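Working notes for the structure below.
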Amino acid sequence: MRLPFSQRSRAASKAARAGAGTTGVQRIVVSAAGIGALAVLLGLAIFTQPLFEQLRNIVFDSYQRLAPRTEAGAPVAVVDIDEASIAAIGQWPWPRTTIAQLVDRLTAMGAATIAFDIAFPEPDRTSPSNLVAELGRQGVTLSLPPSIALDNDAVLAKSFAASPVVAGFAVSNETNSPLPTPKAGFSFGGADPKTYLAAYSGGVADLPALNDAASGIGFFSFPISGDGVVRELPVVAFAQGNLYPALSVEALRVAQGAGSFIVRSTGASGEADTGQAAMVAFKVGALLMPTGPSAQFRIYYSNLPDMPTVAARDVLDPAAADKVGPAIAGRIVLIGTSAVGLRDLVATPFGSATPGVRVHAEIIDQVIGQTFLGRPDWALGAELLTAAVLGLLLLVLEVAGGAVAGTV
């Protein structure tokens, strides 16, 4: 039976009012659910920082690849113990006399500093003295001419002493092996770094004779990050009661002829005392660099497209001196390896197999160029506020215009 027109109009109006009421309830429910979800996400961002820090790092790595740092053109070069050099010279480790020849040739070419991203913690087994002793144990008497050096490590120590060499070592909590005495002093304004830096129990360092002969000593080990990507490196490490500089800044100190480092901590003149001691800045010679609270320095990668990289075999080849010399003269020379079997490849925002020595070169180039990355104290608050505003805006669009408007 058909209703009269007036009755149908009243029924339709009633249905419309009921539908409008239902829609209003739905909007209230959607709004409450959206605000609740946004509050949960913001709470997670505050209380689960490691998770969001990892996401932030992934995004920031993309920014580095899109806008890498412009290379400063600093006087730095890498001597690479690459696969070709190992094939030409012989398997690693090379005799210390070969390393001594490498140092002597770099010095003759005019290297400002020679820094090793390699440690020599054990005596050279190829020393003639070891051969003589072994033959003696077998009942063979061997007499060598006095002109032959019996101890290869003594030969390398002599080369270290005659050159501006920075010996490298690794800090570690997996050993309590004694570390060498630092070559440089530390002065500080504000809190003493020894009171707030985490302490290492020991490390792996060169033989004492090599450390004694070197002009500088710096650690080259990278801290372990959650995803294995090297984004920062502490410029100072605290171990066995001493402060040690990173290899890169120690090379800068020796190259400048500076005697010590200057650390600026909270509580120094002009710095706020937050109640929690932390590092603020670090100075090597005439070069100032900002740091994080635990002395970490954030690396802004350029990938060093124009930095000279010379194969170790070419440095050792007298016939290549004219070609190699211009790439070495007046530069801080870092000796490291890209050979896969020597395990000194690290992950960076630019790739998963970057020679670790190039990361130290990046730091030197970045500090000399004075181009730094910074994260202000208010950054987290700004991120949370931005996320809240954008989330609320999206929620308003969703409620006002429906799902289609929310996806635009």
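Counting from 1, the numbers follow the sequence of the chain as shown. The structure presented is a predicted model; accordingly, all values stated were derived computationally and were not measured.
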Quiz item: Passes side-chain contact (heavy atoms from CB on, under 4.5 Å), Lys323 versus Val310? Steps please.
Solution: CA-CA 10 Å; Lys323 179 183 71 173; Val310 181; over 6 Å; no
Quiz item: Sequence neighbours excluded, which residues qualify as side chain to side chain donor-acceptor pair (under 3.5 Å) partners of Arg105?
Solution: none
Practice problem: With sequence neighbours excluded, give me every salt bridge (Lys or Arg N to Asp or Glu O under 4.0 Å) pair touching residues 217-230. | Solution: Asp227-Arg231
Exercise. Measure from the ring center of Tyr200 to the ring center of Tyr244 and say whether it is less than 6.0 Å.
Key: no
Quiz prompt | Distance, nearest 0.5 Å, that separates NZ of Lys183 from OG of Ser260 | solution = 15.5 Å
Which atom pairs, donor and acceptor, lie under 3.5 Å between side-chain atoms of residues 325-332 and protein residues at least two apart or in another chain?
from   : atom 1 : to     : atom 2 : distance (Å)
Arg331 : NE     : Ala327 : O      : 3.4
Arg331 : NH1    : Val76  : O      : 3.2

Quiz prompt | Thr126: side chain to side chain donor-acceptor pair (under 3.5 Å) partners, not counting sequence neighbours | solution = Asp124, Asn152
Quiz item: Quick one: OH on Tyr301 to OG1 on Thr348, what's the gap to the nearest 0.5 Å?
Solution: 5.0 Å
Practice problem: Can you run down the salt bridge (Lys or Arg N to Asp or Glu O under 4.0 Å) pairs that involve residues 336-363, sequence neighbours left out, and say none if there aren't any? | Solution: Arg69-Glu362
Exercise. Using modelled atom types only, decide if a donor and an acceptor are shared between the side chain of Gln256 and the backbone of Ala286 within a distance under 3.5 Å.
Key: yes
Quiz item: Would a distance-only check, ignoring hydrogens and angles, find a side-chain to backbone donor-acceptor pair under 3.5 Å from Gln240 to Leu179?
Solution: yes
Quiz item: Restricting to pairs with a member in residues 72-97, which pass salt bridge (Lys or Arg N to Asp or Glu O under 4.0 Å), not counting sequence neighbours?
Solution: Arg96-Asp153
Self-check item: Nearest-0.5 Å distance, OG1 of residue Thr337 to CD1 of residue Ile86
Solution: 5.5 Å
Self-check item: Donor-acceptor under 3.5 Å (Ser302 side chain, Glu71 main chain)
Solution: no
Self-check item: Under 3.5 Å: donor-acceptor pair, side chain of Glu250, backbone of Pro245
Solution: no
Self-check item: Shortest non-hydrogen separation from Pro349 to Asp61 and the atoms involved
Solution: CG-OD1, 3.5 Å
Quiz prompt | Heavy-atom closest contact (Pro75 atom, Ile368 atom, distance) | solution = CD-CD1, 4.1 Å
List the atom pairs, donor and acceptor, that lie under 3.5 Å between side-chain atoms in residues 209-222 and the rest of the protein, sequence neighbours left out.
from   : atom 1 : to     : atom 2 : distance (Å)
Asn211 : ND2    : Asp206 : O      : 3.0
Ser221 : OG     : Val171 : N      : 3.2

Quiz prompt | Reported CD1-to-CE distance for the pair Ile114 and Met109, which is rounded to 0.5 angstrom | solution = 10.5 Å
Exercise. Mind checking side chain to side chain donor-acceptor pair (under 3.5 Å) for Asn303 and listing every partner two or more places apart, or none if nothing turns up?
Key: none
Exercise. Using the ring pair (Phe, Tyr, Trp, His ring centres under 6.0 Å) rule, collect all pairs that involve residues 83-104, keeping only residues at least two apart or in two chains.
Key: Trp92-Trp94
Quiz item: What residues, two or more places apart in sequence or in another chain, satisfy ring pair (Phe, Tyr, Trp, His ring centres under 6.0 Å) together with Tyr196?
Solution: none
Practice problem: Would you check if the side chain of Arg264 reaches a backbone N or O of Val280 as a donor-acceptor pair within less than 3.5 Å? | Solution: no
Quiz item: Does anything in residues 165-181 pair up under side chain to side chain donor-acceptor pair (under 3.5 Å), and if so which pairs, sequence neighbours excluded?
Solution: Thr175-Ser177
Quiz item: With sequence neighbours left out, what residues match Phe120 under ring pair (Phe, Tyr, Trp, His ring centres under 6.0 Å)?
Solution: Phe116
Quiz item: Stepwise, does the side-chain contact (heavy atoms from CB on, under 4.5 Å) test hold for Leu233 with Ile363?
Solution: CA-CA 9 Å; Leu233 178 73; Ile363 295 173; 3.5 Å; yes
Quiz item: Given Ile335 and Ile99, is the side-chain contact (heavy atoms from CB on, under 4.5 Å) satisfied, shown in steps?
Solution: CA-CA 10 Å; Ile335 300 177; Ile99 303 298; over 6 Å; no
